[in-house]
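What follows is one structure encoded as C-alpha cells, with my remarks underneath.
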Amino acid sequence: MSEKTFFGCIDMRNAKFQGSIRNSTPDGLGIALNQDFLLALTNWKNEEPYGPSVIVFPSRNYLFGSIKNKKL
C-alpha cells in the first residue's frame with residue numbers, strides 16, 4: 001500500500017494538530033494547539049516538531065526559532 005500525505009486534523013493527547021498527515025501521524029507543516037492555547041506552527045517528522053518554528057504562548061509571548069533534537 002502506498003503512503004499518502006493529506007491535510008487533516010488529529011486529536012493528540014493534550015492538543016489538536018492540523019496539517020500534513022501521513023500514516024495517521026503528523027508529517028510536514030502543521031499547527032498544534034494545546035488545551036492551554038499554546039500554539040506551535042512548525043514542521044513535523046516522526047511525530048516530533050523540527051526546523052523553523054513559531055510558538056505562541058497563552059500569555060501572548062512568542063518565540064521564533066528552530067527546533068533540533070527536541071530543543072529550541
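Atoms considered below: every heavy atom in the structure, side chains included; atoms not considered: hydrogens, waters and symmetry mates.
- Side-chain contact between Leu38 and Leu33: absent, with no pair of heavy atoms (C-beta onward) separated by less than 4.5 Å.
- Sequence neighbours left out, the pairs with a member in residues 36-45 that pass side chain to side chain donor-acceptor pair (under 3.5 Å) are Thr42-Ser53.
- The salt bridge (charged side-chain N to carboxylate O under 4.0 Å, His left out) analysis of residues 25-35, with sequence neighbours excluded, yields the pairs Arg22-Asp27.
- Scored by the salt bridge (Lys or Arg N to Asp or Glu O under 4.0 Å) test, Asp11 finds Lys16 as partners (sequence neighbours excluded).
- Both Ile31 and Phe37 are members of a single hydrophobic cluster when ILVMFWY side chains are connected at heavy-atom separations under 4.5 Å.
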For residues 57-72, which side-chain N or O atoms pair as donor and acceptor with protein atoms under 3.5 Å away, sequence neighbours left out?
unit_1	atom_1	unit_2	atom_2	d
Ser59	OG	Asn61	ND2	3.1
Lys70	NZ	Glu48	OE2	3.4

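- Residues satisfying the ring-ring contact (aromatic ring centres under 6.0 Å, His included) criterion with Phe6, sequence neighbours excluded, are absent altogether.
- With sequence neighbours left out, Ile10 forms a side chain to side chain contact (heavy atoms under 4.5 Å, CB included) with Met12, Phe17, Ile21, Pro26.
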